[in-house]
Chemist: 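One structure, as structure tokens, below. Some questions next.
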Amino acid sequence: MSYDNNPETQINLSDNTPILVAVAWPYVNGDIHVGHIAGCFLSADIFARYNRLKGRPVLMVSGSDCHGTPITVAADKEKVTPQEIVDKYHPKVLNLIKTLEIEYELYTKTTTENHYKITQDLFVALAKNGYISKKVTPQYYSEKDNKFLPDRYVEGTCPFCGFEDSRSDQCDKCSSVIEEGKLIKPRSKNTGSPVEFKDTEHYFLDLDKFQLELENFVENKSYWREWVLAETKGWLKRGLYERSITRDLDWGIPIPTDRLPDELKLDGAENKRFYVWFDAVIGYLSASVEWSDMHKDNDGNLPKPWLDWKHYWYNEDARHYYFMGKDNLFFHTISWPAMLIGSDKNKQLPFYPAINNFLNLEGDKFSKSRGVVLYPEYVVENYGIDSLRYYLAKVMPENQDADWIWKDFVAANNNELVANFGNFVFRVLSFYKAHPELDPTKHILFAVDNTVQQEIKETFYEVGRLIEECKLAEALQRIMKLSSFGNKYFNDNEPWKVIKTSEMAASEAIYNCLTIIDNLRILLHPILPSAMNKLTRMLDYTDLIVPEVEINKWEYKPWNHEQKIEEFIEPLFKKFDEKEVLEKEKK
RNA sequence: CGCGGGGUAGAGCAGUGGCAGCUCGUCAGGCUCAUAACCUGAAGGUCGUUGGUUCGAAUCCAACCCCCGCAACCA
């Protein structure tokens with residue numbers, strides 16, 4: 001029986017479809033909070049883990065975005081170099097990923113030699129194909145520092161309300177938008193010295209030249225989330241225009257002007273670097289190449305075809321899923337596709353942008369400066385990885401902004417994770433443990449009930465479909481329905497009563513329940529890998545769940561009659577005391 | 001008229017022309033294997049407002065009211 005086609009959408013993935021899971025690159029300035037996790041890390045991980053269980057070749061890549069003003073601002077603040085910021089925070093992100101059990105094929109960073117080279121190559125290709133132009137624009141320039149300053153390094157007096165510490169683009173006090181050049185007495189935020197406008201020449205990506213091709217690109221994307229499609233079409237409708245891709249900075253990737261045609265050469269290019277969004281999206285490609293290189297043997301060969309990055313990028317059967325927060329939409333549905341089309345028409349374009357809205361904290365926007373922040377490490381340490389992953393998967397902001405509410409967090413843990421699923425597993429295993437005479441091998445070997453089998457098969461099919469459409473919250477709900485079904489099955493069959501008159505009937509009921517549990521173990525693995533590994537041990541499997549390419553483990557399997565379960569059984573999850581938690585989190 | 005999203009049961013959401021649904025909570029009953037967990041049943045909604053189209057509107061159209069996001073560090 002094949003469940004691979006999904007007739008309702010254009011998402012038809014086969015058993016060997018190569019899947020690229022591209023996760024947005026976080027700025028490496030040290031403040032990854034639960035919003036980031038709900039935004040893209042967790043959904044990407046669940047999606048990737050599912051596809052690996054399906055036996056598909058999966059390449060999940062991301063890395064630390066080391067360039068851009070957020071990094072230089074952090075460096076100024078801590079009075080160190082940008083490189084030191086990177087060296088300090090990149091390992092922290094690696095650590096966090098490990099803590100959260102987010103499993104990448106490769107999590108790298110944008111300061112690698114490989115990334116520099118691929119970014120420069122792609123830029124040169126765009127230039128040779130006629131998509132790069134140069135243009136003179138006025139920018140803030142500090143005579144004293146002898147350099148151009150990005151907008152966010154400039155402040156001055158608001159022309160509307162006279163507020164003296166206004167930002168250069170919008171006044172903090174009266175919220176008026178300040179047009180370029182209207183700010184009174186502009187000065188450097190760092191040194192306080194006056195700045196003025198000075199002409200500077202920059203490279204631009206001519207997005208307008210991609211208008212038609214991008215319109216064609218979104219034409220048949222009816223399976224995208226409705227609001228993602230609407231927003232993308234909104235950009236296209238308003239018309240695209242050139243966007244600058246270089247800055248007057250000394251931190252970032254240098255411009256390879258020596259490789260450009262003469263008419264594109266530019267004075268002072270050695271003082272310019274690529275604008276961060278330009279190089280960051282290229283990371284998906286460069287990380288893929290880096291990962292592939294890591295698997296080469298001494299002769300430079302790859303042992304398996306799916307270890308080759310080209311298996312994902314130059315394969316029209318491959319599917320590219322991108323995971324990010326909504327502020328990244330434009331760069332992934334417009335700029336990046338344009339850059340791919342403009343540099344090399346044979347590369348795969350994004351197939352599905354899984355763009356999440358924002359997670360707020362008890363109704364407030366995450367804001368480090370206002371103290372509205374919650375760190376995943378804290379939640380893991382105090383409440384455990386499974387409760388965190390379960391709750392975030394449940395409230396994932398797929399269609400609108402959502403909230404982290406402590407009261408709901410406790411309720412989801414206690415009433416769903418513990419009471420429904422955890423309790424089902426524990427009541428079955430402990431009952432079985434207390435009655436060794438129910439060992440299935442001691443009775444006629446029974447098959448799994450048709451209704452049970454049917455229910456499990458349907459769950460695999462429906463959950464798989466939902467995950468492929470990136471409807472993860474709904475997928476989780478569907479899995480919990482199977483757990484409820486298990487509880488009901490146990491109740492209806494009353495093994496604790498039946499055992500007094502018929503050991504065989506009780507044994508058969510337990511055998512069916514073990515089958516349900518064993519399949520839930522696979523179904524929940526993408527969402528709760530840690531708990532499912534624990535369950536795997538309790539069920540006395542010799543190996544943890546390890547996905548293998550070309551082997552489909554995402555399917556119904558009856559319980560093995562011979563299999564014994566572990567001596568020591570304990571509940572998978574802990575209940576929380578609502579009062580205590582609310583007190584502790586002061587709400 | 002900057003762009004976009006939303007207003008459906010106490011809470012969170014699904015439902016895009018055909019008998020108002022799901023999860024949680026609440027109440028009542030059952031069960032006692034299980035972490036006071038599980039099972040059954042019930043209560044609870046004039047679907048933001050007003051008008052229109054239609055045999056029929058939560059759903060389509062028009063106007064209006066109210067929330068929120070992006071354009072500012074931030075997924």
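Numbered from 1 within each chain, the chains take letters A, B, ... in sequence-line order.
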Chemist: Is it true that, when you exclude A/Lys433 itself, more than 12 heavy atoms of the residues, nucleotides or ligands shown sit nearer than 6.0 Å to its NZ?
Modeler: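 Yes, because the 6.0 Å sphere around NZ of A/Lys433 holds more than 12 heavy atoms from other groups.
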Chemist: Measure the distance from CG on A/Asp492 to P on B/C39 and round it to the nearest whole Å.
Modeler: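 These atoms are roughly 10 Å apart.
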Chemist: Give A/Tyr432 one of three labels, base, sugar-phosphate or nothing, depending on what nucleic acid heavy atoms sit under 4.0 Å from its own.
Modeler: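 Contact class for A/Tyr432: none.
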Chemist: By nearest atom, which of the nucleotides B/A37, B/C74, B/U23 is closest to the A/Ala419 side chain?
Modeler: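 Nearest nucleotide to the side chain: B/A37.
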Chemist: Salt-bridge test for A/Lys394 and A/Asp408: reply yes if a basic N is under 4.0 Å from a carboxylate O, no otherwise.
Modeler: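 Between A/Asp408 and A/Lys394 there is no salt bridge, as every charged N stays at least 4.0 Å from the carboxylate O atoms.
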Chemist: If we take the P atom in both B/C47 and B/A20, what is their distance in whole Å?
Modeler: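 Rounded to whole Å, the distance is 11 Å.
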Chemist: Look at the side chain of A/Gln477 and decide which nucleotide, out of B/U23, B/C70, B/C33, has an atom nearest to it.
Modeler: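 Between B/U23, B/C70, B/C33, the one nearest the side chain of A/Gln477 would be B/U23.
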Chemist: Reading nucleotides 25-31 of chain B from the 5' end, what letters show protein touch, with B for base, S for backbone sugar-phosphate only, - for no heavy atom under 4.0 Å?
Modeler: S----BS
Chemist: Say we look at B/G29 and B/C55: how far apart would their C1' atoms be, to the nearest angstrom?
Modeler: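 That atom pair is separated by 44 Å.
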Chemist: If the P atom of B/G51 is compared with that of B/A57, how far apart are they to the nearest Å?
Modeler: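 Nearest-Å result for B/G51 against B/A57 at atom P: 14 Å.
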Chemist: Between A/Trp224 (side chain only) and A/Phe351 (backbone N and O only), is there a donor and an acceptor less than 3.5 Å apart?
Modeler: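 At least one qualifying donor-acceptor pair exists.
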Chemist: Of the options A/Phe47, A/Phe323, A/Tyr321, which is the one that meets A/Tyr352 in a ring-ring contact (aromatic ring centres under 6.0 Å, His included)?
Modeler: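 Of the listed options, the one satisfying the test is A/Tyr321.
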Chemist: Say we look at B/G48 and B/G56: how far apart would their C1' atoms be, to the nearest angstrom?
Modeler: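 B/G48 and B/G56 have their C1' atoms separated by 23 Å.
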Chemist: Have a look at A/Lys575 and say if it touches a base, only the backbone sugar-phosphate, or nothing, with a 4.0 Å heavy-atom cut-off.
Modeler: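 Contact class for A/Lys575: base.
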Chemist: In whole Å, measure the gap between the C1' atoms of B/A9 and B/G4 for me.
Modeler: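 Between the two C1' atoms, the distance is 29 Å.
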Chemist: Of all the choices, B/A37, B/C24, B/C70, which nucleotide is nearest to the side chain of A/Glu416 once you look at every atom?
Modeler: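 Nearest listed nucleotide: B/C24.
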Chemist: Calculate the interatomic distance between A/Phe331 atom CZ and B/C70 atom P; express it in whole Å.
Modeler: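 Rounded to the whole Å, the gap is 14 Å.
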Chemist: Is the NZ atom of A/Lys574 crowded by more than 12 outside heavy atoms at less than 6.0 Å?
Modeler: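 No, NZ of A/Lys574 has 12 or fewer neighbouring heavy atoms, counting only those of other groups under 6.0 Å.
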Chemist: If you measure from the C1' atom in B/C68 to the same atom in B/C61, how many Å do you get, rounded?
Modeler: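 Per the computed distance, 25 Å lies between those C1' atoms.
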Chemist: Ignoring the backbone of A/Arg427, work out which of B/A34, B/C73, B/A37 is nearest its side chain.
Modeler: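 Looking only at heavy atoms from C-beta outward on A/Arg427, the closest nucleotide is B/A34.
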Chemist: With a 4.0 Å cut-off on N to O distance, would you call A/Glu455 and A/Arg478 a salt bridge?
Modeler: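 Salt bridge: yes.
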Chemist: Give A/Leu417 one of three labels, base, sugar-phosphate or nothing, depending on what nucleic acid heavy atoms sit under 4.0 Å from its own.
Modeler: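 Result for A/Leu417 = nothing.
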Chemist: Salt bridge or not between A/Lys326 and A/Asp401? Use side-chain N to carboxylate O under 4.0 Å.
Modeler: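 Result for this pair is yes, salt bridge flagged.
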Chemist: How does RNA chain B read in dot-bracket, base by base from 5' to 3', with Watson-Crick or G-U pairs under 3.5 Å and | used when the partner is on another strand?
Modeler: .(((((((.[[[[.)..(..]]]].(((((.......))))).....[[[[[..)....]]]]])))))).....
Chemist: Send over the distance from A/Arg243 CZ to B/A71 P, rounded to a whole Å.
Modeler: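 The distance from CZ of A/Arg243 to P of B/A71 comes to 12 Å, rounded to the nearest Å.
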Chemist: Flag the pair A/Lys471 and A/Glu398 as a salt bridge only when some basic side-chain nitrogen lies within less than 4.0 angstrom of an acidic carboxylate oxygen.
Modeler: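 Salt bridge absent between A/Lys471 and A/Glu398.
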Chemist: What's A/Tyr27 touching, base or sugar-phosphate or nothing? Going by heavy atoms closer than 4.0 Å.
Modeler: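 Here A/Tyr27 touches the backbone only, sparing every base.
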Chemist: For a quick check, with a 4.0 angstrom heavy-atom cut-off, what is the B/S/- contact string for nucleotides 1-10 of chain B, read 5' to 3'?
Modeler: --SSSS----
Chemist: Could you measure between the two P atoms, the one in B/C39 and the one in B/C24, and give it in whole Å?
Modeler: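 The same atom, P, in both gives a distance of 9 Å.
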Chemist: What does A/Pro571 touch in the nucleic acid at a heavy-atom separation under 4.0 angstrom: a base, only the sugar-phosphate, or nothing?
Modeler: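 If one applies the 4.0 Å heavy-atom cut-off, A/Pro571 turns out to touch a base.
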Chemist: Nearest whole angstrom, please: distance from the C1' of B/C74 to the CD1 of A/Ile355.
Modeler: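 Going from A/Ile355 (CD1) to B/C74 (C1'), I get 16 Å.
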Chemist: For B/U46 versus B/U59, give the span between their P atoms, rounded off to a whole number of Å.
Modeler: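 It comes out at 16 Å once rounded to the nearest Å.
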Chemist: Could you state the NE2-P distance from A/His33 to B/C73, rounded to the nearest angstrom?
Modeler: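 It is 13 Å, rounded to the nearest whole Å.
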Chemist: Could A/Lys584 and A/Tyr383 be counted as a cation-pi pair, given that NZ or CZ must be under 6.0 Å from the ring centre and within 45° of the axis?
Modeler: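 Judged by the rule (NZ or CZ under 6.0 Å from the ring centre, within 45° of its axis), A/Lys584 counts as positioned above A/Tyr383.
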